[in-house]
Amino acid sequence: MSTDLRSNFLRTQIQSDLDSGTVTNVVTRFPPEPNGFLHIGHAKSITVNFGLAEQFGGVCNLRFDDTNPEKESQIFIDAIRQDVQWLGYQWHGDVRYASSYFQQFYDWAHHLIEEGLAYVCDLSADQARETRGSLTAPGTNSPFRDRSIEENRTLFTAMRDGEFEDGSRVLRAKIDMASPNINMRDPILYRIRALPHHQTGDDWPIYPTYDFAHGQEDAIEGVSHSICTLEFEDHRPLYDWFIEHLPVPSKPRQFEFARLNLNYTVTSKRKLKGLVDDGSVAGWDDPRMPTIAGLRRRGYPAAAIRHFCEEVGTSRSDGVVDVAMLESAVRNELNQKAPRAMAVIDPLKVVIDNFEGSETLELANHPSEASMGTRSVNFSKEIWIEREDFREEANKKFKRLVLGKRVRLRGAYVIEAERCEKDDAGEVIAVHACLVPQQLGEDPDDGVKPKGVIHWVATDTAVVAEIREYDRLFADADPAKADDFASVLNPNSLVVKQAYAEASLVAADNESSFQFERLGYFVADRVDHTSEHLVFNKIIGLRDSWGSHG
RNA sequence: UGGGGCGUCGCCAAGCGGCAAGGCAGCGGGUUUUGAUCCCGCCAUUCGGAGGUUCGAAUCCUCCCGCCCCAGCCA
């Protein structure tokens, strides 16, 4: 993780806290709710929290904020743990759960009751909303606001003992129904929900709200900097209120940053779930999904995602990052790390008339990284080339194979096209060419260099591979704005093709990525690829300053 | 019309009173057995606007404009 660290307000804040002695040990946490898969926005939060801890010699916890069992499940917990580790981070100690602090929260709720700072309210959800006031009008006090401490104690205990129906009562903090900050208008601390919890089973019929739990979770874990996104800014006064009025073991502080938005991408758990549920994609890990699992299956390297997050920076201003920036980070990583190989997706046969038999060539796996070694590639009389790399005639800008002209076969020989065969429809079905007098690896003996280089695969040893060409899921830059996804989905986000690949690729491990020369980066599918049935996902194309067609 | 935030190049983003970093995108050019990579160059006399303070302001003050968030017993 060697990207240069640029200045941002969080790093400045922590440095100053350390300098002033306000904080001696930096502790952060990544606190997902296990109700869905993590996406690129969470990756940002993960790199921010783990990155800050790493930079300042602190630690970062992974804590499941599981205060609402309704939509949570163990499935998501397992997936999230895996995603965080895949991204390259290891949390400090054991995984934490807000639910493991439920007894403490309950005791603290009683503490507030004893202090006269919390009360049981019998208002229905509708009534509570009506008395909360509006953005411009103050709320009115609940008729239950002045219950005695004893009555509150009895009632809250009864809530905990499961004596009331779901939703019939709540515990609220007694703060200020006229506060201009709606979060301070006697916020709800506990609600009754007779639901089994994935961690605590049937232990609790009541569950604490986010507001009553989060800051205390931080305090219990000694979190020094509780970092969240901007929409929680209005909750900070409440966060601080609990820390101030409860006998918590430490005093964490909350800081907010702008969440990551990407164009052509949707980053909302609800919307992503919608895509999965309506079958627009094959699942949470569909290679077109901006989930960590999807990006992984697509072949985006973890390091690229980390670098991207660093390059994007962390600030407090809302913005939309161009997805091209992510793609650039992916190309940058893959260019350095992916071994090269050759495959032909839209094949056209070339017969080299003056060459007999076959020959084994040793090709470099990387053009500038010799340590990546070489591989054996078979060359033979008949080869496949890309159909678009041949033209009967073309202008000088076309640097590929043209009748009567030369082209270099990558890593092999220079050939010259002599004639082509066509079918009844006039379609070219084969090109006849000849090897120009030359030494392998040298320019032709007559000194006439070819203008271009094309990739190829020997027909006799080529292996068939399924190619899944992925493109962005949405055709609209701001898909979240659309009324229905169907209208903005890119109809060509997945095109399945078949390719002839060089034989060395049968040895490709799942999740190993390659640059298929001149085509782009591809990864052996994590799930479906086997040595008997090769499946490569297109990760991203090469940058192309010429256009895919002339 | 209440409260909380944010406005620096097409997109991100440094900058915190001393005279506008960097990345992405784009545009030129060079190298090249990937039209890739790599390399070189160009790309904000200007920081939402208007006033003011100051020798000096993107940075301080005032007013104005624009955008985002908040009325779940979600997080």
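Every chain is numbered from 1, with letters handed out A, B, ... down the list of sequences.
Using a 4.0 Å heavy-atom distance criterion, K269(A) is classed as making no nucleic acid contact. Using a 4.0 Å heavy-atom distance criterion, G520(A) is classed as making no nucleic acid contact.
Remark: Y210(A) engages no residue in a side chain to side chain donor-acceptor pair (under 3.5 Å) (not counting sequence neighbours). In this structure Q74(A) satisfies the side-chain contact (heavy atoms from CB on, under 4.5 Å) test together with I77(A), D78(A), Q199(A), sequence neighbours excluded. For K337(A), the salt bridge (charged side-chain N to carboxylate O under 4.0 Å, His left out) test picks out E333(A), with sequence neighbours left out. Residues meeting the salt bridge (charged side-chain N to carboxylate O under 4.0 Å, His left out) test with R543(A), sequence neighbours left out: none. In this view, D471(A) and N490(A) satisfy the side-chain contact (heavy atoms from CB on, under 4.5 Å) rule, not counting sequence neighbours. When the salt bridge (charged side-chain N to carboxylate O under 4.0 Å, His left out) test is applied to R472(A), the partners found at least two apart in sequence or on another chain are E327(A). Judged as a side-chain contact (heavy atoms from CB on, under 4.5 Å), and not counting sequence neighbours, the contacts of N35(A) are E33(A), K71(A), E72(A), K269(A). Every residue two or more places apart in sequence or in another chain that forms a side-chain contact (heavy atoms from CB on, under 4.5 Å) with L542(A) is listed here: Q515(A), Y521(A).
Residue Q515(A) places a side-chain atom within donor-acceptor reach of the base of U34(B), judged by atom type and a 3.5 Å distance cut-off alone. On a pure distance criterion of 3.5 Å, no polar donor-acceptor pair joins the side chain of R236(A) and the base of G4(B).
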N/O-N/O pairs, protein side and nucleotides 28-30 of chain B side, under 3.5 Å:
none

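The interatomic distance linking H307(A) (NE2) with G22(B) (C1') rounds to 16 Å, in whole Å.
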What does the B/S/- profile of nucleotides 9-15 of chain B look like, 5' to 3', with a 4.0 Å heavy-atom cutoff to protein? --SSSSS
Quick one: what's the B/S/- string for nucleotides 69-75 of chain B, heavy-atom cutoff under 4.0 Å, read 5' to 3'? BBBSBSB
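When both pairing distances are held under 3.5 Å, G2(B) makes a Watson-Crick or G-U pair with C70(B).
Between the side chains of T229(A) and E256(A), no donor N or O sits under 3.5 Å from an acceptor N or O.
OP1 and OP2 of U33(B) both lie 4.0 Å or more from every side-chain N or O belonging to R518(A).
Screening residues 319-346 of chain A for ring pair (Phe, Tyr, Trp, His ring centres under 6.0 Å), with sequence neighbours left out, gives no hits.
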